[in-house]
Each structure stands twice: as C-alpha cells, then as structure tokens.
Trainee: 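Questions regarding the structure given below will be posed in turn.
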Amino acid sequence: MTPPTRRTWARRGHTPVIRVRARTQRRFSVAALACYKAGERSRLIFRPRLHGRHDSSARRSLAWTDYRDLLTAAHHQLGAPMVVIWDNLNVHKDARLRTFIDARDWITCYYLPPYAPDLNPVEGIWSLLRRNCQAHTAFSDHDQLLAALRRGLRQLQYRSNLIDSCLTATRLALTTTRRQPQ
C-alpha cells in the first residue's frame, strides 16, 4: 500500500521525497459493516486479515467464510434482524454465501447497483481511514500497518457521529420495513 498524502511542504525549489524500503509481498484485507439500529448509536464492525506471501498459492482476499463469520458476529452484537446492503463484489454473490443468507431468517440482503460507490457507506469509512491514520506515513513492515489500521478503525468505532455521516452521505433511507414471508 503506497502511503497516501494529504498536504505537504518543502523549501522553495526542493521537491519533498519520502524514502520507502522495498515493498512487501504481503496483503491485507479488511471487511467492515457500518451498522445502524434505531434508537442506538451507529456501529462499525470490522475484521482485518493478513494474507500469505504474494508468491504462494494461498488465497489473497477474503473468502465467503470470512463474510459469513462477520455477519454472524454482527448479528450477535446487534441482537436484531439485519438488512445488509452490499456492493457487487464477487464474494458477496458467491452461491455458498447466498445459501447461508437464504437459510437465515434474521438477515435480508440487497445489492447496490454496479458502479455506485457513492451509495456504499463503507467507502466513506475507507476514505476517513486513509485521510487520518494512514496519511503521511510510510510503514516499515506489515505489523506497523496492521497496528495503524486497527487503531484507526477502533477510533472510528467510538465516533458514531462519523459513522452517521458516512451513512447519511449515501442519502439512503435508514428505516426499512421487514418483508413478511408468504
């Protein structure tokens, strides 16, 4: 991950340079849910994952089981039925995950239209994360990056007003009616 920059300065005539060691072959994935429950503060539930080396044959992204576990953990934390609105990531549409969702009466799933990141509140979370805990930082190893990601996500968890702003920015209605089985 290249270090994002917000603003910088240097003496006139000198270009600012950040020296970074050789890139690592490791990859991080983070799955997150921005949750809203009427009458309570908004929540952010996330699961970071460090993947193996780039040259190995191991999976380098989150599997459907990771999303299944995230949904189950969110259900236990919220203690209520869930309406999940997902983008069109291929893992979100995996048949095994779809079977898991269809077998549970406490979860209803909707998909955002293709190419609509402005309707996804988690995109706002990633933007806040990149602008705050990752700005102007060149991480020396994957442990430092993982620690910064966890710290930034935990800070966002305790600032429900920021999660609310990400949910509000989508302009989606936050109240839904539960569909009754026929």
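Quick caveat, the model's predicted, so the values are computed rather than measured.
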Trainee: Rounded to the nearest 0.5 Å, how far apart are CG of Leu33 and CD1 of Ile163?
Mentor: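 Result: 11.0 Å between the selected atoms.
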Trainee: Of all the heavy-atom pairs spanning Val91 and Ala63, show the shortest one and how long it is.
Mentor: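 Heavy atoms of Val91 and Ala63 come nearest at CG1-C, 3.8 Å.
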Trainee: For the residue pair Cys166 and Gly124, what are the closest heavy atoms and their distance?
Mentor: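 Cys166 and Gly124 have their closest heavy atoms at SG-C, 3.6 Å.
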Trainee: Indicate the atoms forming the closest heavy-atom contact of Ser42 with Ser160, along with that distance.
Mentor: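 Result for this residue pair: O-CB, 3.6 Å.
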Trainee: With sequence neighbours excluded, tell me which residues meet ring-ring contact (aromatic ring centres under 6.0 Å, His included) with Trp86.
Mentor: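 Testing Trp86 for ring-ring contact (aromatic ring centres under 6.0 Å, His included), a comparison that skips the adjacent residues, returns His92.
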Trainee: Decide yes or no on side-chain contact (heavy atoms from CB on, under 4.5 Å) for Lys93 and Asn88, but give the supporting numbers first.
Mentor: CA-CA 7 Å; Lys93 293 192 169 207; Asn88 288 294; 2.9 Å; yes
Trainee: Whether the side chain of Ser127 engages the backbone of Glu123 through a donor-acceptor N/O pair (distance < 3.5 Å, no angle test) should be reported.
Mentor: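 Judged by distance alone, no pair lies under 3.5 Å.
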Trainee: Decide yes or no on side-chain contact (heavy atoms from CB on, under 4.5 Å) for Ile107 and Phe100, but give the supporting numbers first.
Mentor: CA-CA 10 Å; Ile107 187 167; Phe100 170 79; 5.6 Å; no
Trainee: Which atom pair, heavy atoms only, marks the closest approach of Ser29 to Ser61?
Mentor: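 Closest approach of Ser29 to Ser61: OG-CA, 3.8 Å.
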Trainee: Would you check if Leu119 and Pro113 make a side-chain contact, meaning some heavy-atom pair closer than 4.5 Å?
Mentor: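 Counting from C-beta outward, Leu119 and Pro113 do come under 4.5 Å.
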Trainee: How far apart are the closest heavy atoms of Leu62 and Ala31, and which atoms are they?
Mentor: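 Taking Leu62 first and Ala31 second, the nearest heavy atoms are CD1-CB, 3.4 Å.
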Trainee: To the closest 0.5 Å, what do you measure between CG (Leu89) and CG (Asp94)?
Mentor: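 If we round to the nearest 0.5 Å, Leu89:CG and Asp94:CG are 10.0 Å apart.
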Trainee: At what distance, to the nearest 0.5 angstrom, does CG of Asp102 lie from CG of Leu97?
Mentor: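 The CG atom of Asp102 sits 9.5 Å away from the CG atom of Leu97.
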Trainee: What distance do Ile85 atom CD1 and Thr108 atom OG1 have between them, rounded to the nearest 0.5 Å?
Mentor: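 Rounded to the nearest 0.5 Å, the CD1-OG1 separation comes to 10.5 Å.
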Trainee: Can you check side-chain contact (heavy atoms from CB on, under 4.5 Å) on Met82 and Cys35, steps first, answer last?
Mentor: CA-CA 9 Å; Met82 295 173 31; Cys35 304; over 6 Å; no
Trainee: In Å and rounded to the nearest 0.5 Å, what is the OG1 to CG distance from Thr168 to Asn161?
Mentor: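 Thr168 OG1 to Asn161 CG: 10.5 Å, rounded to 0.5 Å.
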Trainee: Would you give me the side-chain donor-acceptor pairs under 3.5 Å for residues 146-156, sequence neighbours excluded?
Mentor:
none

Trainee: Give me the atom names and distance for the closest heavy-atom approach of Ala32 to Val122.
Mentor: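 Heavy atoms only, the tightest pair is O-CG2, 3.7 Å.
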Trainee: Measure the CZ-OG distance between Arg159 and Ser165 for me, rounded to the nearest 0.5 Å.
Mentor: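 Rounded to the nearest 0.5 Å, the CZ-OG separation comes out at 9.5 Å.
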Trainee: Once side chain to side chain donor-acceptor pair (under 3.5 Å) is applied, what residue pairs with a partner in residues 66-79 remain, sequence neighbours excluded?
Mentor: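 Only Arg49-Asp66 qualify under side chain to side chain donor-acceptor pair (under 3.5 Å).
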